[in-house]
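Here is the structure we will look at, set down as structure tokens.
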Amino acid sequence: MLIQSTLIALSATLAAAVKPLTVKNQFFVDPNDNIFQIVGVAYQPGGSAGYNAALGKDPLSDGDICRRDAAILQILGVNTIRVYNLNPDVNHDECASIFNAAGIYMILDVNSPQVAGSLQNYNPWESYYDTYVNRTFAVVEAFKNYDNTLAFFSGNEVINDASSAGQVPPYMRAVTRDIKNYVAKHCDRKIPVGYSAADVRDVLFDSFEYFTCAEDGKSDDPSRADIFALNSYSWCGDSDMQKSGYVDLVEGFSNTSVPVFYSEYGCNEVKPRMFTEVGAIYGKDFSAVFSGGIVYEYTEEENSYGLVSVNTKDQSVTLLKDFYTLKDQFAKLDWKKIQGVKSAKDGSGPKPPKCDKKLIQSKDFDGNFTLPAMPPNVPKILANGVSPKPSGKIIEVTNFKSKYTVKNADGSVISDLAVKPLSNDESNSPGTNDAKIQSSGSVSSSSGNSTTSGSSSDATSDAKNTSGAAGSAVAMTVPAMAMGAFAIFAGLAL
């Protein structure tokens with residue numbers, strides 16, 4: 001009888017591990033009114049090749065792969081994944097439910113590498129039309145019913161230099177407006193919508209001011225971003241707050257009225273990576289402004305940022321040196337204390353500034369707040385919803401054991417690897433899944449992540465790692481180009 005009662009209690013939790021987060025003041029807040037810090041990893045197995053519309057393939061379309069990866073990410077201590085390229089016509093119920101049971105939220109980009117899948121950063125008016133907007137709405141429809149859908153990114157690094165800053169802002173803010181209006185009309189809860197920026201200091205803070213200010217000073221302005229994130233690679237090796245420029249970011253965002261966090265971090269200029277920025281990101285001073293961050297990235301691709309390596313022939317996974325190092329950095333912190341900070345009274349946080357050209361410092365940045373009207377046919381789609389309408393729901397998951405082999409860096413197999421389903425309201429944290437893996441001290445520096453990137457990815461690595469502290473105008477383009485999260489050229493269609 002005891003076993004039967006336990007099984008019944010367990011099955012009752014399988015479909016509802018995490019509950020939706022909300023935005024309160026300038027932070028994410030969990031159902032217990034605790035400020036939520038994102039402990040995330042960018043999740044796009046296979047890079048841009050992980051998305052194939054013709055085959056109905058995207059990172060959240062295969063339950064067996066999600067089971068494998070959710071268990072690995074649980075061991076690492078992750079509570080959030082960012083997924084770049086999604087097919088709204090594919091069913092994601094099993095994967096979303098597996099990550100939900102694992103206590104892992106999802107931040108989702110609405111853009112894709114296909115034609116009409118993104119807003120281009122040159123002549124953006126040419127890509128802002130009904131087919132594109134309809135696709136962004138379809139992604140919202142496909143994921144709106146999952147409790148672990150944390151937020152949507154309306155754009156990623158669309159503004160990455162002076163040229164794009166002179167054209168894109170009004171169109172990017174218009175896309176955010178359209179998606180927020182769709183969420184308001186067709187979703188049962190307010191799912192945050194915002195922008196993921198390149199950490200190019202020449203345009204970063206102008207982008208922040210432009211997207212987070214409010215028309216007439218009203219915080220419910222539908223074109224105002226609910227969140228603002230940045231892809232930052234300025235902390236390299238054993239750096240510090242000053243050398244990395246982190247201190248400037250804390251100061252620059254100190255009066256934010258929306259949650260700000262790293263949508264990507266993890267410079268690989270020094271290999272293997274040390275991840276010493278983890279202590280700073282979740283430290284007292286930083287977390288008073290920022291809401292955590294997302295490490296780039298889960299799988300090893302040509303640009304050498306991976307935490308694990310996937311054998312595409314048999315779908316086995318090998319943990320790389322960076323995985324163990326990051327896990328060790330997470331293990332140094334007191335997560336009960338970090339995730340146990342109570343939020344302040346609603347409305348007591350900073351108020352959004354009133355939109356005004358005076359907020360914009362760069363003469364090259366388009367500070368025009370008169371936004372383009374919705375393209376033809378979009379008002380009808382907004383009113384009636386997309387058609388055909390994708391749908392998703394959290395389902396009961398009964399199998400949590402990984403089908404595929406997962407190996408330590410030394411080649412030994414991790415036995416009985418499985419997702420540990422969590423109880424209601426519980427998000428994952430370091431130590432939740434205590435599966436036995438190789439100790440980090442026995443992982444040699446030659447176990448992945450230790451060699452210089454190949455010639456095909458050197459330019460990408462350089463672009464990422466030179467942005468930030470010195471105020472470089474170099475754009476970080478990996479998510480846009482290599483990962484396909486943002487298709488700069490229409491010819492990138494898969």
Side-chain angles (χ1 to χ4, degrees), residues 40-52 57-60 62 64-66 68-78 81-85 231 233 236-237 264-275 278 294-330 402 404-414 417 437-438 440 443-465 476-485:
V41 166
Y43 184 72
Q44 188 73 25
S48 59
Y51 176 96
N52 190 314
K57 176 186 176 183
D58 73 14
L60 299 177
D62 188 320
D64 287 328
I65 289 177
C66 290
R68 175 199 70 192
D69 295 341
I72 294 171
L73 290 167
Q74 257 197 332
I75 294 170
L76 182 60
V78 166
I81 55 173
R82 177 187 180 181
V83 189
Y84 295 81
N85 305 325
N231 303 331
Y233 294 82
C236 297
E264 293 176 9
Y265 76 90
C267 167
N268 70 352
E269 191 174 272
V270 176
K271 299 178 184 179
R273 291 185 285 181
M274 303 174 73
F275 292 113
V278 165
I294 297 170
V295 172
Y296 188 85
E297 64 178 316
Y298 180 63
T299 53
E300 181 78 341
E301 309 296 342
E302 289 185 3
N303 49 17
S304 301
Y305 283 88
L307 301 175
V308 307
S309 176
V310 178
N311 183 324
T312 56
K313 293 182 179 179
D314 62 7
Q315 294 301 326
S316 64
V317 166
T318 300
L319 307 185
L320 300 179
K321 173 67 175 176
D322 280 2
F323 181 94
Y324 298 92
T325 305
L326 181 59
K327 184 176 183 294
D328 282 353
Q329 292 291 357
F330 285 155
S402 174
Y404 301 113
T405 300
V406 178
K407 302 175 183 179
N408 283 299
D410 63 3
S412 61
V413 174
I414 301 173
L417 180 66
I437 65 172
Q438 181 182 0
S440 59
V443 180
S444 69
S445 60
S446 62
S447 300
N449 309 123
S450 60
T451 58
T452 302
S453 303
S455 59
S456 63
S457 58
D458 285 347
T460 290
S461 179
D462 290 345
K464 274 186 175 291
N465 296 329
M476 296 173 292
T477 57
V478 163
M481 301 289 285
M483 296 193 67

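The shown structure was predicted, so the numbers you read here are calculated from the model rather than taken from an experiment.
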Heavy-atom pair of closest approach, residues [X] and [Y]:
| X | Y | answer |
| --- | --- | --- |
| Y296 | N303 | OH-ND2, 3.3 Å |
| E297 | V41 | C-CG1, 4.1 Å |
| F330 | L76 | CD1-O, 3.4 Å |
| L326 | V278 | CD1-CG2, 3.8 Å |
| P272 | D322 | CB-OD1, 3.6 Å |
| S304 | N268 | O-ND2, 2.9 Å |

Taking side chain to side chain donor-acceptor pair (under 3.5 Å) as the test, write out the residues that go with [X], two or more places apart.
| X | result |
| --- | --- |
| D62 | none |
| T299 | E301 |
| Y265 | none |
| S412 | N408, D410 |

| message | Holding to ring-ring contact (aromatic ring centres under 6.0 Å, His included), I want the full list of residues that pass it with Y298, two or more places apart in sequence or in another chain. | response |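 Y298 satisfies ring-ring contact (aromatic ring centres under 6.0 Å, His included) with Y43 once adjacent residues are dropped.
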| field | Reported CD-to-CG distance for the pair Q44 and D58, which is rounded to 0.5 angstrom | value |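 Answer rounded to 0.5 Å: 8.0 Å.
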| task | Calculate, to the nearest 0.5 Å, the distance between atoms CG and CZ belonging to L73 and F323 respectively. | result |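 The CZ atom of F323 is 7.5 Å from CG of L73, to the nearest 0.5 Å.
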[X] versus [Y]: any side-chain heavy-atom pair under 4.5 Å?
| X | Y | answer |
| --- | --- | --- |
| V295 | Y305 | no |
| D64 | Q315 | no |
| R273 | T325 | no |
| L307 | L320 | no |
| I72 | I414 | no |
| Y404 | D314 | no |
| V310 | R68 | yes |

| Donor-acceptor contact present, side-chain E269 to main-chain G237, <3.5 Å |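 Pair absent, no side-chain N/O of E269 close to backbone of G237.
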| With sequence neighbours excluded, what pairs up with K407 under the side chain to side chain contact (heavy atoms under 4.5 Å, CB included) test? |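 By the side chain to side chain contact (heavy atoms under 4.5 Å, CB included) rule, K407 matches T318, T405, V413.
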| said: For the residue pair E264 / Y233, report whether a side-chain donor-acceptor contact shorter than 3.5 Å exists. | reply: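 On atom types as modelled, these side chains qualify, holding a pair under 3.5 Å.
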